[in-house]
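In what follows, chains carry the letters A, B, and so on, assigned in the order in which the sequence lines appear, proteins first and then strands, with residues in each chain numbered from 1.
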There are 2 protein chains.
Amino acid sequence: MLKKYTIRDIAEMAGVSKGTVDRVLHNRGKVSEIAFKKVSKILDEIDFKPNLIAKNLKNNKIYHICVLLPDPKMDSYWDPCLKGIDDVIKELGAFGINIDTFFFDPTSTKSFLNKNLMVQKIKPDAVLLVPLFFKEAIVAIEGYNELGIMVSTFNNHIESAVVKSFIGQNLFQSGRIAAKLLHSIMKGGDIAIIHIDEKYKNAIHMQEKEQGFKSYYKELAHFGHEIHVSNLKNTDFNKSIAIFLLKHPNIKGIFVTTSKGFHVADYIQNNINKNIALVCYDLLVENITYLKNGTIDFLIHQNPKQQTYLGLKCLVEYFLFDKEVPSQLLLPIDIINSENATPFMRD
Amino acid sequence: MLKKYTIRDIAEMAGVSKGTVDRVLHNRGKVSEIAFKKVSKILDEIDFKPNLIAKNLKNNKIYHICVLLPDPKMDSYWDPCLKGIDDVIKELGAFGINIDTFFFDPTSTKSFLNKNLMVQKIKPDAVLLVPLFFKEAIVAIEGYNELGIMVSTFNNHIESAVVKSFIGQNLFQSGRIAAKLLHSIMKGGDIAIIHIDEKYKNAIHMQEKEQGFKSYYKELAHFGHEIHVSNLKNTDFNKSIAIFLLKHPNIKGIFVTTSKGFHVADYIQNNINKNIALVCYDLLVENITYLKNGTIDFLIHQNPKQQTYLGLKCLVEYFLFDKEVPSQLLLPIDIINSENATPFMRD
DNA sequence: TCGCACAATGTGTTCGAGCACATTTTTATT
DNA sequence: AATAAAAATGTGCTCGAACACATTGTGCGA
């Protein structure tokens, strides 16, 4: 087997012309029943796969995809996404892909809507976006739909029939993992779930994690823990957490549902003497620092880079190679400890 | 930007023919200095990337790659590899790739050598193999080299100049991660490192993990643990481990360096009353069972599927798209707990 | 049986890069 | 200056699928 079968080969075998084979392949009609059967039989026998390279040669269009995400300068959680975009460009750019990236202010719904309008004006073939604001995202997605622009989402899930694809994680499960981790390193005491709320509302995100976390402890046979939930703000953080911990002095383990765990770690390191177990999210440099020095015990990696990479890659391969786009892609949830966060292994 | 630049576009812009542009692109010589400069300038300006699709259209060769790994029927650790191979075929098969898989008996060096000879007779373009037996692998690789067959390896590292690529994990680091995990869940007591040796010798594998594990504990400030190392055999396992644990009654944590941790878990569950922390390797169904019921605390995922997938993909993309093959690809080391092993997320 | 639809089938061109070969221009030698 | 040799440049075909268009075949009514 040194050569692939071509349409011409099949035509010869069936004793027809390549035009007829082509018509059979694409159901374009105008084929007699006899010819159809002859060709179909051979196609089945050899399991013919048309050469993808030749198939796309004629199609010398440049597909245009826009990516819309929160500004990494305002929240470094999003930083790795840029690397993911870059990787796709490096890997598939030579196939004729044009990718533009847009940032919105994660504290401003107006900015989100504005940037979406900008993208809509450009009229790309598809857009990959983070639907951070539920209500506004629905509006934006409707707009894309009317313009015939395909929409994929990542990081935040949103219920919408016109969204072609979602790449993210199972946040409920993610909460359960955090609970298991905390449970395995705690030696008794109470537990805190801390949501560090940014100005923007990713409440659903945080709630799903909380639900998962609680569900794990509910299933425990000897449930001797009390779970306290707190919603702290970035501003005046140290004061609020001090009050919270004073109110619940028996807390021995904390689960932070956002990437802002380093604030808690910072407070604990400087103000608390006893050992408090700490499980947080995301590989920000600040978090890794506290992971390495032992203040944070585990980080859960949401892998924003991989989310972006896969989201884009699915779109590109859909356009280039007619690959079907999975409606949902749930990434594995990575557990990171101090020995596991080396930069050459994670992004 | 609706159309890509082509060689013909550049030729027009530079006022030469596409033949000249082609010669500049490939440094084929026979170009005057003036023409070379004109063309180079334009190439730089527009950052020209030749259309990969057209580039490979002529090359209608079917590349043939053989994969050689231990028989999954004899050691289910290798099972996921088949899925990895399958994924590559699904993803890139239509580009003209022919992949054949061969199994050898992981307990027999003779089988390993035999299968390698079989592959060499076939003369594929490349082979991706698990160099389980150090000495024999060197011989086999030499054979491939003489035949001009490219060799990539995965899972087991081997020092050889003619091996094009290795995909695997940093085992030393992997040992450190295990140590950190064990340390974070243990409440004092001694530690055991247990190598469950198969008949075959993957001693280097296990030793690197042991080194890493010990290095973590060496760095600890208050090193109050004693570490006992044991080499147990599969046969008469329960007896040997009973003796070992009797000799060291203070053991409170065990690190198993192979995928055979379930044997230890089985013994502990049925014979030991006190709580022993257990960190092992690999997502075998047996291991996952003990992970879910709490006997095993953590599994470290060596991701054999991903190793196979990436190893193959690198080779395929090298042949198809001239991508360079990384000489070493170290996969992230995944930490798995009971909440993290759901089959839809891991392979 | 001719002629006319229309169905069935075949042919030829396109896409972009690569390369063999044809053609033109330049240089060296007498 | 004439001519050959060498260097530079241009032309045209190839790869496989897709599709427009050309050609052949069939059936039916007059």
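Applying the 4.0 Å criterion to OP1 and OP2 of D:dC15, one finds that A:Thr6 has every side-chain N and O outside that range. Listed pair A:Lys30 / C:dA7 meets the phosphate criterion, a side-chain N or O lying under 4.0 Å from OP1 or OP2. Of the side-chain N and O atoms in A:Thr20, none sit less than 4.0 angstrom from OP1 or OP2 of C:dA8. Contact check, A:His26 against D:dA18: a side-chain N or O comes under 4.0 Å of OP1 or OP2. Contact between the side-chain N/O atoms of A:Ser32 and the OP1/OP2 oxygens of C:dA7 is not found at any separation under 4.0 Å.
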Dump the intermediate steps for side chain to side chain donor-acceptor pair (under 3.5 Å) on B:Tyr5 and B:Asp47, then the final yes or no.
CA-CA 10 Å; B:Tyr5 284 110; B:Asp47 183 32; over 6 Å; no
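Using a 4.0 Å heavy-atom criterion, one finds that A:Arg28 contacts the sugar-phosphate atoms exclusively.
In this structure, A:Lys38 atom NZ and C:dA8 atom P are separated by 14 Å, rounded to whole Å. A straight line from CG of B:Leu320 to C1' of D:dG16 spans 15 Å, rounded to a whole angstrom. In this structure, CD1 of B:Ile34 is placed 14 Å from P of C:dT25, rounded to the nearest angstrom. Distance B:Phe36 CZ to D:dA7 C1': 16 Å, rounded to the nearest Å. In this structure, B:Ile7 atom CD1 and D:dG10 atom P are separated by 14 Å, rounded to whole Å. A:Lys18 places its NZ atom 12 Å from the C1' atom of D:dC21, with the value rounded to the nearest Å. One atom, CG of B:Asn27, and another, P of C:dG18, lie 13 Å apart when rounded to the nearest Å. For the pair B:Leu25 CG and C:dG16 P, the computed distance is 15 Å after rounding to whole Å.
Applying the ring-ring contact (aromatic ring centres under 6.0 Å, His included) test between A:Phe112 and each of A:Phe102, A:Phe103, A:Phe104 identifies A:Phe104 as the sole match.
Counting non-hydrogen atoms of neighbouring residues, nucleotides and ligands closer than 6.0 angstrom, the OH atom of B:Tyr318 reaches no more than 12 such neighbours. Residue A:Arg28 places its CZ atom among more than 12 non-hydrogen atoms of other residues, nucleotides or ligands, all under 6.0 Å distant.
Comparing D:dG10, D:dC19, D:dT14 by their nearest atom to the side chain of A:Asp22 picks out D:dC19. Side chain of A:Val31, nearest nucleotide from C:dC21, C:dT9, C:dA17: C:dT9. Here D:dT9 is the nucleotide among C:dA17, D:dA18, D:dT9 with the atom lying nearest to any side-chain atom of B:Ser17.
Taking the six-membered ring where the residue is Trp, B:Tyr63 and B:Phe319 present parallel rings, their angle staying beneath 30° rather than reaching 60°.
For the contact set between residues 48-57 of chain B and DNA chain D, defined by any heavy atom under 4.0 Å, the members are B:Leu57.
Remark: B:Lys313 engages A:Glu91, A:Lys313, B:Glu91, B:Leu92, B:Tyr309, B:Glu317 in a side-chain contact (heavy atoms from CB on, under 4.5 Å) (not counting sequence neighbours).
Rounded to the nearest 0.5 angstrom, B:Lys164 NZ and B:Met150 CE are separated by 4.5 Å.
One donor-acceptor pair, N or O on each side, does fall under 3.5 Å between the base of D:dG10 and the side chain of B:Arg23.
Among residue pairs with one or both ends in residues 48-57 of chain B, none qualify as side chain to side chain donor-acceptor pair (under 3.5 Å); sequence neighbours excluded.
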